[in-house]
Amino acid sequence: MEFIKAKTILSKVKYGNEWYGVDYNMNLYRGCSHRCIYCDSRSNCYHIDHFDIVRGKENALYLLERELIKRDKGIIGIGSMSDPYNPKELKYEQTRGALKLISKYRFGVSIDTKSDLILRDIDLLKEINRKNNVIIKFTITTPNDELAHIIEPNVCVSSKRLQAIKTLSDNGLFVGIMMNPILPFLTDKEEDIKALVRFAHESGAKFIHTYMGMTLRENQRDYYFDALDQSFVGLKEKYLKYYGNRYHCIVPNSRHLYQVFSNECHKYGILYHMNDIIKAYKKETKRSEQIALF
């Protein structure tokens, strides 16, 4: 694996209360090998050349420890631009090393992934959870494994991600689903949304978050349309007719579908509002701090 120079690993964020309550953002890798056809991180604005090639960051763990010593305690978000459990992680263990440091310095963690490799680190996640807050988010866009394999070709299928959620939940970890993006005319079927919420419930997921659409811009759009031409002939023309060059592509009938989604979440007791999700996964630590004060 090629390694690139990095001056810093952690960046302070201002959007935490709007996005899972994170305080810092961290990407230990640059690029991603999943080849998901819809990935927004391909966009030119992120300046990632050869996005499908995973690169590590030189001295990442040394830099991280140096920053953790100086920073105020908080939740570290991992995986916003590059899955921390890509295949290179098996050999290099950058993510596992980072979790050890996060535990050592008593920070919390918020992980985004599509990989069941995360199960390797259950011991560390439970250790962190005893000291601070842990939230794990699996991106699942469809309950259909065949469709998942087409739109997310280099990652384990949805059923395996659901199995991983079950294992993590059974181990007392706060885990759920990002049902993002929802691809117009592909993953926006009412029956699929209902099925995914039901599967989430059966797997012990605590939450599902969605925004009923996708984004398309610059070379991301070109990559997506090329993929549609290969696997879904004629669908690109439908997008162009319906959305033109729009950036935000909200699914048709989005209000009705969101109502279906929220009704199903209520039915199974699954959280879906961001504020409720944040309050739920941070609640136990706050309670422990209050007890310690008294």
Side-chain angles (χ1 to χ4, degrees), residues 15 18-20 31-52 79-83 112 114 137-155 157-158 161 176-197 200 207-265 272-274:
Y15 53 76
E18 299 171 5
W19 193 252
Y20 296 100
C32 187
S33 59
H34 291 343
R35 292 186 180 270
C36 302
I37 68 173
Y38 51 75
C39 184
D40 178 71
S41 296
R42 295 182 183 281
S43 301
N44 290 333
C45 61
Y46 299 118
H47 308 292
I48 303 177
D49 295 329
H50 307 293
F51 180 76
D52 296 315
S80 61
M81 296 290 293
S82 177
D83 197 316
D112 298 3
K114 289 188 179 87
K137 297 157 278 172
F138 274 85
T139 298
I140 303 181
T141 54
T142 174
N144 184 314
D145 280 356
E146 291 183 9
L147 181 56
H149 183 66
I150 295 171
I151 64 178
E152 301 153 347
N154 287 357
V155 66
V157 293
S158 299
R161 284 175 247 174
I177 293 171
M178 292 191 295
M179 195 168 70
N180 300 327
I182 292 183
L183 308 180
F185 317 117
L186 273 178
T187 65
D188 57 348
K189 297 179 177 61
E190 183 174 326
E191 59 269 26
D192 285 352
I193 291 172
K194 287 182 176 180
L196 187 49
V197 176
F207 66 90
I208 306 178
H209 188 262
T210 189
Y211 56 80
M212 288 293 156
M214 69 178 303
T215 60
L216 283 175
R217 59 182 166 192
E218 305 150 358
N219 56 312
Q220 175 205 4
R221 179 186 287 108
D222 295 336
Y223 189 93
Y224 183 65
F225 283 167
D226 285 346
L228 292 184
D229 280 342
Q230 292 177 33
S231 302
F232 308 98
V233 178
L235 191 53
K236 178 182 75 175
E237 287 71 26
K238 192 171 183 178
Y239 271 79
L240 289 170
K241 183 177 180 180
Y242 197 90
Y243 296 108
N245 289 323
R246 229 177 291 172
Y247 171 54
H248 290 289
C249 301
I250 305 301
V251 299
N253 206 18
S254 60
R255 290 186 179 181
H256 169 71
L257 289 176
Y258 192 82
Q259 188 63 55
V260 169
F261 163 74
S262 60
N263 288 344
E264 293 299 297
C265 288
Y272 61 96
H273 286 303
M274 182 61 68

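This one's a predicted model, so the numbers in the text were calculated from it and none came from an experiment. This chain uses plain numbering: 1 for the first residue, then up along the sequence.
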Notebook entry, point to check: Quick one: ring pair (Phe, Tyr, Trp, His ring centres under 6.0 Å) partners of His209, sequence neighbours excluded?
Noted result: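 Ring pair (Phe, Tyr, Trp, His ring centres under 6.0 Å) check on His209 returns Trp19.
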
Next item on the list: Could you tell me which residues satisfy ring pair (Phe, Tyr, Trp, His ring centres under 6.0 Å) with Phe261, sequence neighbours excluded, listed by chain and number?
Entry: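 Residues passing ring pair (Phe, Tyr, Trp, His ring centres under 6.0 Å) with Phe261: Tyr258, Tyr272.
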
Next item on the list: For Asp188, enumerate each residue passing the salt bridge (charged side-chain N to carboxylate O under 4.0 Å, His left out) test, keeping only those at least two apart in sequence or located in another chain.
Entry: none

Notebook entry, point to check: By salt bridge (charged side-chain N to carboxylate O under 4.0 Å, His left out), which residues pair with Lys194, not counting sequence neighbours?
Noted result: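 If we apply the salt bridge (charged side-chain N to carboxylate O under 4.0 Å, His left out) test to Lys194, skipping adjacent residues, the hits are Glu190.
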
Taking side chain to side chain contact (heavy atoms under 4.5 Å, CB included) as the test, write out the residues that go with [X], two or more places apart.
X	answer
Ser80	Asn25, Asn27
Leu235	Phe185, Leu186, Leu228, Phe232, Lys238, Tyr239
Arg42	Arg35, Cys39, Phe51, Asp52, Asn219, Gln220, Tyr223
Gln259	Ser262, Asn263

Note to self: Counting only heavy atoms from other residues, nucleotides and ligands, does the tally under 6.0 Å from CD of Glu191 exceed 12?
What the structure shows: yes

Taking all atoms of both residues into account, what is the closest heavy-atom pair of [X] and [Y], and its distance?
X	Y	value
Tyr38	Met214	CB-CE, 4.0 Å
Arg221	Asn245	NH2-O, 2.9 Å
Ala200	Ile208	CB-CD1, 3.7 Å

May I ask you to test the [X]-[Y] pair for a side-chain heavy-atom distance under 4.5 Å?
X	Y	value
Ile151	Thr187	yes
Ile177	Arg161	no
Pro184	Tyr242	no
Met212	Ile193	yes

Next item on the list: Return yes if some donor-acceptor pair links the side-chain N/O of Ser158 with the main-chain N/O of Thr142 below 3.5 Å, else return no.
Entry: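 A pair under 3.5 Å: yes.
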
Check: Between the main-chain N or O of Asn144 and the side-chain N or O of Asp192, is there a donor-acceptor pair closer than 3.5 Å?
Finding: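 No.
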
What pairs with [X] under side-chain hydrogen bond (donor to acceptor under 3.5 Å, both in side chains), at least two apart in sequence or on another chain?
X	value
Ser82	none
Thr141	Glu152
Asp229	Lys236
Tyr247	Arg217

